[in-house]
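Everything below concerns the one structure shown next.
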Amino acid sequence: MKNSRWGGALAGSAALILLAGCGGEEERADISGAAEAAAEAIATGDFTDVHFGSGQAQTLADAVENLHEPFGELSPEVRVSETEVEEPAEDSVRPPRAEVTFEHRWDLEEIGVEAEQWGYSTKADYVYDQESDTWLLEGDTDLVLPDYAGHESVSISTTNADRGRIMDGSGRAIVYNREVVRIGLDKSQLESEESQAEAATELADVVGIDSGGYEERVLAYGDEAFVEAIVVRTDGGHVTAADVENIPGVHLVYDEMPLAESSDFAPQLLGRVGDVTAEHLESDPALNIGDTVGLSGIQSVHESTLRGSPGINITVGDAVLYSVDPQPGDDVHTGILPRLQDLAQEIVDEQDVTTALVAIRPSDGAIVASATHNPEAPQVNTAVESTFAPGSTFKMVSALAMLRDGLSPSSNVPCPNSVTVHGQQFHNVSGFQDQYVGNIPFDTAVAVSCNTTFAAAWNDVTSADLAEAARDLGMDNDVGIGVPAIKAQVPEDADQNLHAANLFGQGTVETSTLGMAAAAASIADGRTVHPWLVEREDHPDSGNLTEDEGEQLRELMRGTVDYGTLRDLDPISGPHVYAKTGTAEAGSGDDTYSHTWVIGSQADLAVAVFLEEGEWGSSTNGPLMREFLVGAREILADQGS
């Protein structure tokens, strides 16, 4: 009789089989119990509950342990798939026999080979012992693995997959495998600890790393180790083979690594790839020592997409029993336009203080450039991860809330010298022109940046209204861009004087350069723009900004360039530029200084520029915005965009 199964009890099998014998009908134990016990034993290596007719439990346990060793904690799933009982002739003295087929499945996804299983079947013979009413296993090692003697060497070798590329906004690769050289010391060439320490210090000094730390690593490694000091590009690296070739014990390993064209091309956004760490190994069992993984930026966030699946060979003795080719990682598509990115980076790098610039294409929300210059903390992505008081650029958010409360660009609004809210007095900036004090059109109040107009609106629009307006202008932290980012912190429960300060970008409200660029893009396109760095598969809710509101906000921003705070800016050719400047007080006492801002848009390009310390948004940031818009217009025209 035959019973087939995979994933349940033996189908159609009775608990007992009746057999007619010499003394009449006797009950015989079902083979299924013995088969299930053997399946469990093969999977675990524990044959305690298996009854043997031949062979030894320890021999089989050793065979299982030998097979399982290279797999670590991974064990197969072993199930009974078929049983066949051979009944002897009625007058025969031979006992019943049975053949059981086992199906083995190794889930290789647990060791990093996605959606792959290694499967095979084995067979085992049983003989029935009538005296003990037991089916006895004839325990050969090939029931663990076909043609397996139990002692052969078993190994798993993996082949790393080609890492996916990071693509620019035009569909060209900006990060892909480029040739590098790993420079280090081969300790087998250095006989004494003294010579090792001297060579480590000399090499560290030449390549520009901490000599004490490198010397410590060299001495801690084994006598035959290669201890890497640095990885540099073979083309254009700051160190060449000629610089280090005369250092005792130096060794060069030529390799490939995913890199951008230059080390200063959007490093915080793109991120870097490096050797797997102990933390990575602990969190992801699929990784092995020597693997490379994304450590920051896009490379880290989109590691699972970029990494791909390694190839694998499972070898027993001299035979390769299972092989899977590596599957390359998928590409990650960004909106970055390299020439615009280079332009943005050049502009911010020319500044002496922390500076950030973000440019967005309003029509689709693509971040086409994002540049950070942070002299004190180069690893911090200030443009998208740091928030500051936005000053008067935030008046565009407040303006949206005020428009929704019934104002229009031509409405008359108060612009007094001062406004007192809950005992706190608010003023316009020093040197504010007297001609604008009094009742003036709302668009004029925005163009000349009257603080008191906005502070006076504290009782007309609520903190919740302000937070909603910020979200509708693209400052929604729940919608990601593809790397860690924050757009704004706009409290919904600020009250009275604190709320009044928030309305003109002081108080507790803070935004990032990304957040203000999103606002400029939303105003430019007349809809809520959710910026993205990495192309999205899903599309977030569109938001509530209407085309009419966008048109009104552009009308409010028009006067900034025509007669307002940017009136002295050199003309910018092409379509009209809509802009808003901002200056926010920071620090305290003798350490008071100003954050300076400007946001603007021209045609299908929106930009925000931030300096942690500047004079005014108009005088410090305005010329930088102009430089970017003029340069970007030339680049896009050259590219036919």
Which heavy atom in Glu245 sits nearest to a heavy atom in Val250, and how many Å separate them?
-> O-CG1, 4.0 Å

Is there a side-chain contact between Trp532 and Asp364, using heavy atoms and a 4.5 Å cut-off?
-> yes

Distance from Ile481 atom CD1 to His530 atom NE2, nearest 0.5 Å?
-> 13.5 Å

Close side-chain approach of Leu611 to Leu624, heavy-atom, < 4.5 Å = yes

Val244 and Val239, any side-chain heavy atoms less than 4.5 Å apart | yes

Does Leu145 reach the side chain of Leu321, with side-chain heavy atoms less than 4.5 Å apart?
-> yes

Can any side-chain N or O of Asp243 pair as donor or acceptor with the backbone N or O of Val207 at less than 3.5 Å?
-> no

Going by atom types only, do Glu510 and Thr387 share a side-chain donor-acceptor pair under 3.5 Å?
-> yes

Could you tell me the separation between the CG atom of Asn177 and the CG atom of Asp255, rounded to the nearest 0.5 Å?
-> 8.5 Å

Compare every heavy atom of Thr382 with every heavy atom of Asn374, then report the nearest pair and how far apart it is.
-> ND2-OG1, 3.0 Å

Look at the aromatic rings of Phe71 and Trp118 and report parallel, tilted or perpendicular, splitting at 30° and 60°.
-> parallel

Can you tell me how far CD of Gln345 sits from OG of Ser370, rounded to the nearest 0.5 angstrom?
-> 9.0 Å

Has Asp538 got more than 12 heavy atoms of other residues, nucleotides or ligands less than 6.0 Å from its CG?
-> yes

In terms of heavy-atom contacts, Pro248 and Ala199 come closest through O-CB, 3.4 Å

Taking all non-hydrogen atoms of both residues, which atom of Val64 and which atom of Gly45 are closest, and how far apart?
-> CG1-CA, 3.6 Å

Using 30° and 60° as the class limits, which term best fits the ring planes of His251 and Phe226: parallel, tilted or perpendicular?
-> perpendicular

Donor-acceptor pair, side chain of Tyr148 and main chain of Ala63, under 3.5 angstrom = yes

At what distance, to the nearest 0.5 angstrom, does CD of Glu612 lie from CD of Glu376?
-> 9.0 Å

Of all the heavy-atom pairs spanning Gly505 and Ala584, show the shortest one and how long it is.
-> O-CB, 4.4 Å

From the list Asp604, Leu340, Val529, side chain to side chain contact (heavy atoms under 4.5 Å, CB included) with Arg361 holds only for Asp604

Verify the ring-centre separation between His68 and Trp106: is it less than 6.0 angstrom?
-> yes

Just checking, any donor-acceptor pair under 3.5 angstrom between side chains of Thr305 and Asp330?
-> no

Would you confirm whether Thr234, through its side chain, and Glu179, through its main-chain N or O, come within 3.5 Å as a donor-acceptor pair?
-> yes

Donor-acceptor pair, Ser522 side chain versus Ala518 backbone, under 3.5 Å?
-> yes

Does any non-hydrogen side-chain atom of Thr201 lie less than 4.5 Å from one of Leu203?
-> no

Atom CG of Leu185 and atom CD of Glu202: how far apart are they, to the nearest 0.5 Å?
-> 9.5 Å

N/O donor-acceptor pair under 3.5 Å between Ser170 side chain and Arg172 backbone | no

Quiz item: cation-pi between Arg626 and Phe628, 6.0 Å / 45° = no

Heavy-atom distance under 4.5 Å between the side chains of Ile312 and Tyr322, does that happen here?
-> yes

Is there a donor-acceptor pair under 3.5 Å between the side chain of Ser296 and the backbone N or O of Arg272?
-> yes

Under a 4.5 Å cut-off applied to non-hydrogen side-chain atoms, are Glu261 and Ile174 in contact?
-> no

Does any N or O in the side chain of Arg163 come within less than 3.5 Å of the main-chain N or O of Gln299, such that one atom is a donor and the other an acceptor?
-> yes

Minimum-distance pair of heavy atoms, taken over all atoms of Ala356 and Ala383 = CB-CA, 3.7 Å

Any donor-acceptor pair under 3.5 Å linking the side chain of Asn621 with the backbone of Val609?
-> yes

Side-chain donor or acceptor of Glu152 paired with backbone N/O of Gly150 under 3.5 Å | yes

Any chance you could measure Asp186, atom CG, to Gln196, atom CD, to the nearest 0.5 Å?
-> 10.5 Å

Donor-acceptor under 3.5 Å (Lys187 side chain, Val218 main chain) = yes

